[in-house]
Amino acid sequence: MKCAQVVRLFGAYWDDETTQAEREWVEAHLASCSSCHKEYEEFTRTLELVGSLPRVEPAPDLVERVLARARRSAPAADVVPVRSRPWVPVTAALALTVIAGSLALPWFGVRDDARRQTATRVTAGEPVRLGPVSENGAPALKAPAGVLPVPGHALVAAAGTANEPDSLFDHTEDVEFILDPVKVQRGRPTVARPPAVQGEKAVISF
Amino acid sequence: MARVAEDDERAFSELVRRFQGRVMNLVSRVLNDRECGDDITQEVFVRVFVHRRNYRRGSKFSTWLFTIAANLAKNEIRRRVRRRNWFSLNALQEVLKDSAIQLADPTEGKESRMEREQLQEAMGKAIATVPEKYRLALVLRDIDGLTYEEIAQVLGIPGGTVRSRINRARGMLKRKLIPLLRREGEP
């Protein structure tokens, strides 16, 4: 055990990094233990050989070659070192996937399903007009050509908060967006028949 | 270095002259390959020039320089390992055995130039068989004479790790050289 401890201190002893007490202890042990003494002799001989290796001198024309290459090299831009965060590329990849997916969904017919899921749900009561109202009380919005209007369902719904804005957003714009004529051009059914009114509630889908 | 950052070519030339020997020695000893050491030394200084404006004033230039050199040497070692273009341990043992026999031959004389060169060659190859992370610390300490603190900065590791790597590298090297050392010690 003592020999193993001394061998572990060989490096520090060689580098003169031991404490006074450690140095005296190592020296006392080396004086009394021939095995450790031999080990230390081999250790020091190894380091002497390493230290005595001749310097590898550079070729005389190295400076010229370096200068020639350096002249051809443009300086790198000043860089403020920034520690890279491993989650950034992952988050960026996820965001790109989501964006690409949302752009691709309409081309796979998911758009109509999504609209059905977000169908407007209003409670029964006073009729509410989902769009600018004309002077005679009829909805100003006209169904685009090719779209069969569904009387009493497509554009007018029953609600308890007639003509009262329930948020800061202009919902008339939303309605115009939902009645997108693109659906007609693509030949898909554009106006889904809403389910029949049950009790006091009606669900209207566009 | 401040003048180099301001595109002073003469200052850069002086810098290369001053440090080329240390860089060449470090890289060549780590790789045990003089030709490759020359190429990498050249690359080290070109990188110093290219990145001259990124050098932080106040930090020690030699530490920055050795960091670049150590990184390029590491890359080269890894490239060689990938290509498996590296001499085998058996080849090293053959060299060590031959060197030991040469040294043991009383007719040659221990101080002859040939023996010394063979011994140095064997030592160079023995160093090259020490694993990369230990080898770099060993060469920086026992050949280039950097302090433990400087090595810690160059390799970007704590001082305690530097000490332990150097100790392990020395132990490995001693074990590899034991046949040579024991024959050398024989009458």
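As the structure is a computational prediction, the values presented were derived from the model and not from experiment. Below, chains carry the letters A, B, ... as their sequence lines are ordered, and counting in each starts from 1.
Remark: F12(B) CZ to R71(A) CZ distance equals 10.0 Å, nearest 0.5 Å. The line from CG of L67(A) to CD of Q42(B) is 10.0 Å long, rounded to the nearest 0.5 Å. Separating the CZ atom in R69(A) from the CZ atom in R47(B) is a distance of 9.0 Å, to the nearest 0.5 Å. Distance check: R170(B) CZ to T44(A) OG1 gives 11.5 Å after rounding to the nearest 0.5 Å. With values rounded to the nearest 0.5 angstrom, N167(B) atom CG is found 13.0 Å from W14(A) atom CH2. The distance from atom CD of Q20(B) to atom CG of L62(A), rounded to the nearest 0.5 Å, is 5.0 Å.
Looking at R22(B), the atoms closer than 4.5 Å to chain A (heavy atoms on both sides) sit in the backbone and in the side chain alike. Of the two parts of L47(A), only the side chain, counted from C-beta on, holds a non-hydrogen atom closer than 4.5 Å to a non-hydrogen atom of chain B. Looking at E41(A), there are no atoms closer than 4.5 Å to chain B (heavy atoms on both sides), in backbone or side chain. With a 4.5 Å cut-off on non-hydrogen atoms, I127(B) touches chain A through its side chain but not through its backbone.
Ranked by heavy-atom pairs shorter than 4.5 Å toward chain A, the options S28(B), G37(B), G171(B) are led by S28(B). When the candidates A59(A), G51(A), P54(A), G11(A) are compared by the number of heavy-atom contacts under 4.5 Å with chain B, P54(A) comes out ahead. Interface summary for chain A: among K174(B), Q120(B), R141(B), the most heavy-atom pairs under 4.5 angstrom belong to K174(B).
With T46(A) as the partner, the side-chain contact (heavy atoms from CB on, under 4.5 Å) test is satisfied by one option alone out of L177(B), D142(B), I178(B): L177(B).
The minimum heavy-atom distance linking G21(B) with P58(A) is given by the pair CA-CD, 3.9 Å. Between E57(A) and R34(B) the shortest heavy-atom distance is O-NH2, 2.7 Å. Taking every heavy atom of both residues into account, E17(A) and Y148(B) meet most closely at OE2-CD1, 3.4 Å.
Residue-environment remark: NZ (K133(B)) stays at or below the threshold of 12 foreign heavy atoms within 6.0 Å. Environment of CD in E35(B): sparse, with no more than 12 heavy atoms of neighbouring residues, nucleotides or ligands closer than 6.0 Å.
For D15(A) and R163(B), the salt-bridge test fails: no basic side-chain N is under 4.0 Å from an acidic carboxylate O.
Side chain of R29(B) to backbone of R55(A): no donor-acceptor contact under 3.5 angstrom is found.
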